[in-house]
Amino acid sequence: MNILISEQDIQKRVRDIAADIHRDHPEGVHLIAVLKGAFVFLSDLARAMPGHCSIDFMAVSSYGKGSISSGQVQLLKDLDTGIEGRDVVIIEDIVDTGLTLTYLQDILRARSPRSLRTACLLSKPSRRLVDVTVDYVGFSIEDRFVVGYGLDYAEQHRNLPFIAALDNPK
Ligand code: IMP
């Protein structure tokens, strides 16, 4: 396991993203975190956010137990509250092929928020299968399978405070 992004670098970038989100939503923002991977990012981001913010969660499954995208997105948990007329930011751990995020943006846009933006801690641009807009990107990385800071391999490693590359995930 190689450390790709240190805890210190992540924390600095998360503070910058929180400031950017606040700048774009001075009246407050509704953060929707995508479980499970975004729980750590959300937690640090929300605490770094000045101003008003409310939080809700969605859970989707796109990968099963391995590291290959099935391309099929399943909604496992829906929001607790409606988002009509609200300023919403989706909080995602990583955008890889873009299929999961496209699915989420489509179903949330259909619920008529006043604005809908997306923050992803990580992006792997070379893996994209669909063109998807990400308004706030923490780090763009090359095509390697990564774990830590909420991201897992078969439910392991989410607790690492840094991002590491797993070179041979099965
Ligand atoms: P996409 O639909 O291919 O963009 O994949 C998005 C989801 O796949 C993310 O929310 C993650 O849960 C998972 N994922 C993609 N790449 C990685 C990775 O390198 N490590 C861990 N999970 C990943």
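Heads up: numbering here begins at 1 and tracks the sequence. All ligand and atom numbering here is 1-based and tracks the order in the structure.
Taking any N or O of V147, backbone or side chain, none lies under 3.5 Å from an N or O belonging to ligand 1. Residue V146 has at least one N or O atom closer than 3.5 Å to an N or O atom of ligand 1.
A salt bridge is defined here as a Lys NZ or Arg NE, NH1 or NH2 lying under 4.0 Å from an Asp or Glu carboxylate O, and K36 with D152 fails to meet this definition. Using a 4.0 Å cut-off between charged side-chain N and carboxylate O, D9 and R13 make no salt bridge.
For R144, the heavy-atom gap to ligand 1 drops under 4.0 angstrom. In this structure, L101 falls outside the shell of residues with a heavy atom less than 4.0 angstrom from ligand 1.
A heavy-atom distance below 4.5 Å is not found between the side chains of V60 and K77.
Under 4.0 angstrom from ligand 1, the non-hydrogen atoms of D96 come from both its backbone and its side chain. At a heavy-atom distance under 4.0 Å, only backbone atoms of D152 (N, CA, C or O) approach ligand 1. At a 4.0 Å heavy-atom cut-off, ligand 1 touches K124 through the side chain alone.
With L121, I163, L151 as candidates, the residue nearest to atom 22 (N) of ligand 1 on a non-hydrogen basis is L151.
For the pair S43 (side chain) and F39 (backbone), a donor-acceptor distance under 3.5 Å is absent.
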- Run the side chain to side chain donor-acceptor pair (under 3.5 Å) check on D87 and S115 step by step: do they pass? CA-CA 5 Å; D87 292 309; S115 63; 2.6 Å; yes
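Aromatic ring orientation, F145 versus Y153: perpendicular (interplanar angle above 60°, classes split at 30° and 60°).
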